[in-house]
Amino acid sequence: MLFITLLQVIFCSGSEITKPTHHTDDGYINNYLPKEKMSKGLATVFKWRFTRNSQTIVDFEQLEPDLPFLQSNRSEETLTWIGHSTFLWQYRGINIITDPHLSNRASPVSFAGPERLSPPALVLRDLPDLDIVVISHNHYDHLDKSTVLEIYEKQKSKPPLFLVPLGMKEWFGNIGIKSGVIELDWWESHQVGNWKYHAVPVQHWSRRGLLDTNKVLWAGWVVEAPDKRLFFAGDTGYSKDFKDIGNRFKSMDLSLIPIGAYAPRWFMKDMHCSPEEAVQIHLDVNSKQSIGMHWGTFLNLTDEPLDEPPVRLQKAVQSKGLNPETFITLKHGETLKNL
Ligand code: ZN
Ligand code: ZN
């Protein structure tokens, strides 16, 4: 009995020592945000819901991607903005998609919730075969069940590898994707050939149902190709995490950083950065080229005017004395080549 107790003490105290500080007994917390700020009380949520303004519809210009080229391209580097946080990045013959969302709403139901204002730049059958699908977290504007399932069905003979934050593998298993899903904790990495994929801390939260707040992790991703580094920031408030990421990786060649969903600040600040803070993230991770995302796609996700994020971004870039070309936005459907 004494022996078992001793073992328990050793085991328990050992696991206490090694448990990362963002792991708690009932889920996950951020590195630099006090736990009490992790979830808003009902009164605060109602205050926002009942004081908010509806966004005015904006008719964004849509470009048509060169689909035959994208489908057959295995040599040139391209980056296509499909909408919101969904990008197709083609590099050295590898096709990577971030937070794929091609559905009409960011919602658990098809009849309510933030509706897509700007249609996705392509439909699923137009996508080239994907090698890697990167997921930042489980909010409905980032993890879309029907898009994920359609990608899986379309490529059933050769499914892509799904890279997800810790705890999310179960969700994939529940929808029938039982293999080819790698879940990582912050600072863990997964190697495929000579490419490395790192999950990194960002300041956000998770929830998909009524009782699962922060039960699974959220993350940004650093993709290390042999001679190029991509940073996908996912969804995030501004925090010291980005200086930590900058210290660890020294620089990023290409960064995808959210610039929208920031208003009202009293409600959104902890979890969604402003365009000015996005520029600070660009500086903190020492990014050579950044692209703004998470704007101009879903109606009434938050309160700022839909076309305000790129305008504020441009001003913020200028006020820091940076070359305006180093942090830009794309038109929906726009493809950059040879970045
Ligand atoms: Zn989110
Ligand atoms: Zn989001």
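The analysis underlying the following values was restricted to heavy atoms, covering all of them including side chains, and did not include hydrogens, waters or symmetry mates. Just so you know, residue 1 is the first one in the sequence shown, and it goes up from there. Order of listing sets the numbers, starting from 1, for every ligand and every atom in it.
- Taking the six-membered ring wherever Trp is involved, the centroid distance between the rings of Phe60 and His332 falls below 6.0 Å.
- Side chains of Tyr262 and Glu276: no donor on one and acceptor on the other come within 3.5 Å.
- Counting heavy atoms from C-beta outward, Leu306 and Leu117 have side chains that approach closer than 4.5 Å.
- When the N, O or S atoms of Asp235 are ranked by distance to the Zn ion (ligand 2), OD2 comes first.
- Taking backbone and side chain together, His84 holds no N, O or S atom under 2.8 Å from the Zn ion (ligand 2).
- We find that Arg125 and Glu150 are not joined by a salt bridge, their nearest charged nitrogen and carboxylate oxygen being 4.0 Å or further apart.
- For the Zn ion (ligand 2), the N/O/S atoms of His272 include none lying under 2.8 Å.
- The Zn ion (ligand 2) lies closest to atom OD2 when only the N/O/S atoms of Asp141 are considered.
- The atom of His139 that is an N, O or S and sits closest to the Zn ion (ligand 1) is ND1.
- Of all the N, O or S atoms in His294, the one closest to the Zn ion (ligand 2) is NE2.
- Residue side and main chain included, His204 places an N/O/S atom under 2.8 Å of the Zn ion (ligand 1).
- Ring orientation note: the planes of His294 and His272 are tilted relative to one another, at an angle of 30° to 60°.
- For the pair Arg105 and Phe111, the cation-pi test (distance below 6.0 Å, angle within 45°) is failed.
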